[in-house]
Amino acid sequence: MIQIVRDNWLLFLVGQYPNGPLGGLVATFLLAMMGLALAFPCALSVAICRTSQKTWLRAGSFTLTQVIRGTPFLMVVFWSYFALPALVGHAISGFSTLVGALVVYESAYLSDVIRAGIQALPKGQMEAGTALGLSRIRCLRLIILPQALYNTLPGILSQFVSLIKETSLGYIIAINEFTFAAIQVNNTLLVKPVQVFSILALTYFTICFILTQAARMLERRIERQRNRGPSTQTMTAMVAEGAV
Amino acid sequence: LGISFDFATVLTGPNLILLLHGIAVTFELAVWAWVLAFSSALVLMLVRNSGNRFAERAVIFYVELHQNIPLLVQVLFWYFAIPELLPGVLRDWLNDHDSEFILAVAALSFCFAAYMSEALRTGFRSVPRGQFEAGHVLGFGYLATMRHIVIPQALRVAAPPLVNYSLLLFKNTSIAMAIGVHELTYQSRQIESDTFRTFDIYAVTTIIYIAISFVFAGLGAVIETRYAIRQR
């Protein structure tokens with residue numbers, strides 16, 4: 001097993017780069033980070049719509065999240081593969097295809113994490129804001145979101161773990177990322193599937209386990225801070241939602 | 001986009017048969033995997049609460065292992081690596097009996113057993129010990145205490161995540177296409193490459209998945225009202 005890592009570590013890490021597209025573990029991380037960065041604003045807007053006072057906004061955003069939650073991530077990937085080039089008007093890279101799929105899928109799951117954070121705040125926060133003469137939007141921006149987003153940090157981190165796990169599906173549409181690299185190694189070695197797939201699985205495990213533990217630690221810390229205050233609600237489900 | 005709707009092509013003749021076959025395989029995968037996952041989850045949960053430190057650690061490790069590795073990688077591991085580790089007789093038997101399907105069911109059920117056991121554990125942990133003791137004092141046996149006192153309360157907490165994981169299991173049967181199981185997603189790709197009616201067949205497949213997931217959502221709502229704490 002060590003021999004396989006020693007011979008192929010560069011392929012596992014960056015794929016064929018610099019002689020080909022960037023791949024491997026670095027690509028996996030890049031995909032997950034870009035997915036999270038672009039999904040966050042979308043998720044935030046959906047979460048705000050879901051806590052809005054306007055019924056049609058609430059109903060619309062709820063339906064949207066339910067529809068995405070009902071679709072397998074793999075179908076979202078295929079949709080993105082088919083529809084994104086048509087929408088943009090020209091061919092796009094596999095990398096962008098997967099990022100697009102991650103953004104759509106994670107917007108739904110992440111918006112639920114953020115919504116839970118908003119709704120876990122005491123009602124009095126919003127009421128105090130309006131009593132001080134702030135508009136609803138300023139109230140959200142100055143009072144609600146800073147607290148809610150801070151409290152949902154662990155939830156966002158565990159959602160990042162699901163993003164890392166979801167990037168593995170890029171292999172199915174032949175995107176150079178970590179799983180794809182491992183399959184390439186397996187195809188050249190042919191006779192060592194147990195070792196190659198153990199390396200693949202254990203690497204994912206190490207990365208995701210460390211991040212999950214970090215999210216748990218963060219949650220305990222925020223919990224302790226909040227318990228000093230008047231609010232004692234708990235809200236983050238620590239097993240990331242929608243994880244595959 | 002230049003899309004012309006023509007669902008007739010993908011919903012008639014051999015394409016319809018492919019599609020229906022795909023739906024059937026998806027259901028078979030989901031039902032087998034669910035039953036195996038749920039029963040293993042019960043066992044895992046009992047071992048986790050057995051009081052044997054070593055066994056408890058082993059279950060924690062099992063759960064973390066399956067929650068922190070992508071399901072696709074688990075499926076690929078089962079497909080490429082596990083048969084190598086099996087004795088030849090068993091491998092031959094697998095190859096004679098639709099090995100892709102069996103290995104996909106194995107991967108799905110081992111993975112979701114981990115998630116479901118956590119849901120069950122949180123449920124049972126939410127029932128105070130005094131409830132067991134009160135049951136015994138009132139003359140209930142172990143099973144009767146479980147059935148009438150503990151399980152209804154535990155289910156109130158465990159049901160929402162269990163429904164959620166069941167839905168995830170159902171959706172993730174689509175990953176089995178990676179190892180060539182002819183389930184719904186695989187068949188829709190097949191129909192797509194036969195007819196080039198990408199939009200139509202993806203729309204049909206997606207609507208099927210969403211419709212079934214709405215059944216799960218409804219089920220979740222029913223369970224939640226059924227077991228909700230009734231205010232007097």
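Residue numbering restarts at 1 for every chain, and letters A, B, ... go by the order of the sequence lines.
Neither the backbone nor the side chain of A:I207 comes within less than 4.5 Å of any heavy atom in chain B. Interface residue B:A203: backbone and side-chain heavy atoms are both found under 4.5 Å from chain A. Using a 4.5 Å cut-off between heavy atoms, A:T71 touches chain B through backbone and side chain atoms alike. Looking at A:S198, the atoms closer than 4.5 Å to chain B (heavy atoms on both sides) sit in the backbone and in the side chain alike.
Using a 4.5 Å heavy-atom threshold, the side chains of A:T51 and A:R115 count as touching. Side-chain contact between B:I223 and B:L155: absent, with no pair of heavy atoms (C-beta onward) separated by less than 4.5 Å. No side-chain heavy atom of A:V77 sits under 4.5 Å from any side-chain heavy atom of A:I172. Side-chain atoms of B:Y79 and B:Q74, non-hydrogen and from C-beta on, never get closer than 4.5 Å to each other.
With chain A as partner, the option from B:T205, B:I207, B:L76 having the largest number of non-hydrogen pairs under 4.5 angstrom is B:L76. Looking only at heavy-atom pairs under 4.5 Å with chain A, the residue among B:Y209, B:Y202, B:F216 that has the most is B:Y202.
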- Decide side-chain hydrogen bond (donor to acceptor under 3.5 Å, both in side chains) for B:D200 and B:T9; before the verdict, give the C-alpha distance in whole Å, the side-chain angles of both, and the deciding distance to 0.1 Å. CA-CA 9 Å; B:D200 305 342; B:T9 316; 5.7 Å; no

